Amino acid sequence: MTRILAFSDVHLGRGRIRAIVEAGKDADLVIGAGDFCNMRQGLGEAMDLLWTLADKAIYVPGNAESAGELRAATEATVLHGGSTEVHDLTIWGIGYAIPVTPFGDWSCDLTEEAAAAMLAPMDGADILISHSPPKGIADIGRDGRSLGSTAVRGAIERVQPRLCVCGHIHDCWGQTGQIGQTRIVNLGPTPNWFEF
């Protein structure tokens, strides 16, 4: 049995990060689904606060930090269009906001086409970590629009991982859903526990 602690969107909230680090002591694996800092600022501090978890952590970049910035700031495994094997689990990850946001130059975004190309090699996974939720699940913004990704949804429909964890849409933290055999969870900045 593998105990997994997962979170997203801490946005350099020091109290939130401290709670995750404390909970993470009891985890076999820690998953962070992006947005560790704010608008490309404070990533080093966020990773310094999370450093005790790095040897058992897998992160994807959110739209608040780039993949390169995240890899430079942590010794954790960083996935963005790739996979890793840990505890007999195949874990795929894709970061950034999908589709492109209106937030401007600081936001790390992908078009649906670029995301679909990055996800195309995924031919099997137990867990998909995606910063952005799949279209239609845990993806409704405060204006009532569905903001999730068709590329992420398509990959889930095709591969059917057991679990997809995501974040990005703050109004949907804690919401869950199902696509075929895949459970979807929009994590938010609190400890979420899973067992495999």
Side-chain angles (χ1 to χ4, degrees), residues 1-12 16-37 43-44 46-98 108 110 115 118-119 121-134 138 149 151-152 155-156 159-168 173 182-196:
M1 180 97 46
T2 301
R3 293 197 78 212
I4 301 172
L5 170 71
F7 66 94
S8 71
D9 302 284
V10 289
H11 289 288
L12 196 54
R16 292 170 169 172
I17 293 173
R18 280 192 285 273
I20 287 163
V21 169
E22 182 61 30
K25 293 175 183 176
D26 297 324
D28 300 310
L29 174 64
V30 175
I31 290 173
D35 278 3
F36 301 95
C37 63
L43 181 60
M47 291 298 106
D48 286 349
L49 292 168
L50 288 162
W51 77 270
T52 58
L53 303 179
D55 63 339
K56 57 182 173 182
I58 300 172
Y59 298 147
V60 301
N63 60 301
E65 61 273 328
S66 74
E69 290 162 351
L70 186 56
R71 288 187 177 110
T74 183
E75 294 181 11
T77 299
V78 175
L79 299 178
H80 184 51
S83 66
T84 190
E85 303 273 337
V86 61
H87 296 288
D88 295 322
L89 298 170
T90 300
I91 301 175
W92 257 84
I94 187 166
Y96 294 7
I98 315 163
C108 297
L110 286 174
M118 290 178 77
L119 289 164
M122 184 172 75
D123 59 1
D126 297 294
I127 300 171
L128 172 62
I129 311 166
S130 172
H131 180 60
S132 294
S149 167
V152 171
I156 292 169
V159 176
Q160 292 285 287
R162 292 157 63 187
L163 176 67
C164 171
V165 292
C166 58
H168 186 47
W173 287 341
T182 305
R183 182 180 178 210
I184 316 296
V185 181
N186 187 321
L187 298 165
T190 57
N192 296 264
W193 288 100
F194 304 93
E195 290 187 344
F196 275 79

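Predicted model, so just to flag it, every value in this text is computed and none were measured.
Asn192 places a side-chain N or O within donor-acceptor distance of the main-chain N or O of Ala6, the cut-off being under 3.5 Å. At distances below 3.5 Å, at least one donor-acceptor pair connects side-chain atoms of Ser8 with backbone N or O atoms of Gly188. Using a distance-only test at 3.5 Å, with no hydrogens or angles considered, no donor-acceptor pair links the side chain of His80 to the main chain of Ile94. Although no hydrogens or angles enter the test, the distance criterion places no donor-acceptor pair under 3.5 Å between the side chain of Asp126 and the main chain of Arg162. Although no hydrogens or angles enter the test, the distance criterion places a donor-acceptor pair under 3.5 Å between the side chain of Thr182 and the main chain of Pro161.
Put simply, the side chain of His87 does not reach to within 4.5 Å of the side chain of Phe196, judged on heavy atoms. Within the 4.5 Å cutoff, the side chain of Leu89 has heavy atoms near those of the Ile4 side chain. A heavy-atom distance below 4.5 Å is found between the side chains of Val185 and Phe194.
Residue Ser83 holds its OG atom at 12.5 Å from CD1 of Ile127, rounded to the nearest 0.5 Å. The distance from the CG atom of Leu110 to the OH atom of Tyr96 is 7.0 Å, given to the nearest 0.5 Å. The distance from atom CH2 of Trp92 to atom CD1 of Ile156, rounded to the nearest 0.5 Å, is 13.5 Å. Taken to the nearest 0.5 Å, the SG atom of Cys108 stands 9.5 Å off from the NE2 atom of His131. Note that CH2 of Trp173 and OG1 of Thr190 are 8.5 Å apart. Values are rounded to the nearest 0.5 Å. Distance check: Glu65 CD to Leu12 CG gives 10.5 Å after rounding to the nearest 0.5 Å.
Note: Phe36 and Phe7 have perpendicular aromatic rings, judged against thresholds of 30 and 60 degrees for the angle between ring planes.
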Open item on the list: Applying side chain to side chain contact (heavy atoms under 4.5 Å, CB included) to Glu85 and Thr90, what does each step give before you reach the verdict?
Closed with: CA-CA 5 Å; Glu85 303 273 337; Thr90 300; 2.7 Å; yes
Open item on the list: With side chain to side chain contact (heavy atoms under 4.5 Å, CB included) as the criterion, how do Val152 and Leu128 come out once you've worked through the C-alpha distance, each side chain's angles and the decisive distance to 0.1 Å?
Closed with: CA-CA 9 Å; Val152 171; Leu128 172 62; 4.2 Å; yes
Open item on the list: Evaluate Leu29 against Ile91 for side chain to side chain contact (heavy atoms under 4.5 Å, CB included), listing each step before the verdict.
Closed with: CA-CA 11 Å; Leu29 174 64; Ile91 301 175; 3.6 Å; yes
Open item on the list: Determine whether Val10 and Leu49 satisfy the following criterion, side chain to side chain contact (heavy atoms under 4.5 Å, CB included), listing intermediate values before the conclusion.
Closed with: CA-CA 11 Å; Val10 289; Leu49 292 168; over 6 Å; no
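Of all non-hydrogen atoms in Leu119 and Ala151, the two that sit nearest each other are CD1-O, 3.7 Å. Across all their heavy atoms, Ser149 and Ile98 have their closest contact at OG-CG2, 3.3 Å. Contact detail for Leu70 and Thr74: the closest heavy-atom pair is O-CG2, 3.1 Å. Considering every non-hydrogen atom in both Ser132 and Ala97, the closest pair reads OG-CA, 3.4 Å. Smallest separation of non-hydrogen atoms from Gly167 and Pro133: O-CD, 3.5 Å. What you find for Ala64 and Asp35 is that their closest heavy atoms are N-OD1, 2.8 Å.
Pairs passing the side chain to side chain donor-acceptor pair (under 3.5 Å) check and including a residue from residues 18-29, sequence neighbours excluded, read Glu22-Lys25. Sequence neighbours left out, the pairs with a member in residues 187-196 that pass salt bridge (Lys or Arg N to Asp or Glu O under 4.0 Å) are Arg3-Glu195.
At most 12 non-hydrogen atoms from other residues, nucleotides or ligands lie less than 6.0 angstrom from CG of Asp88.
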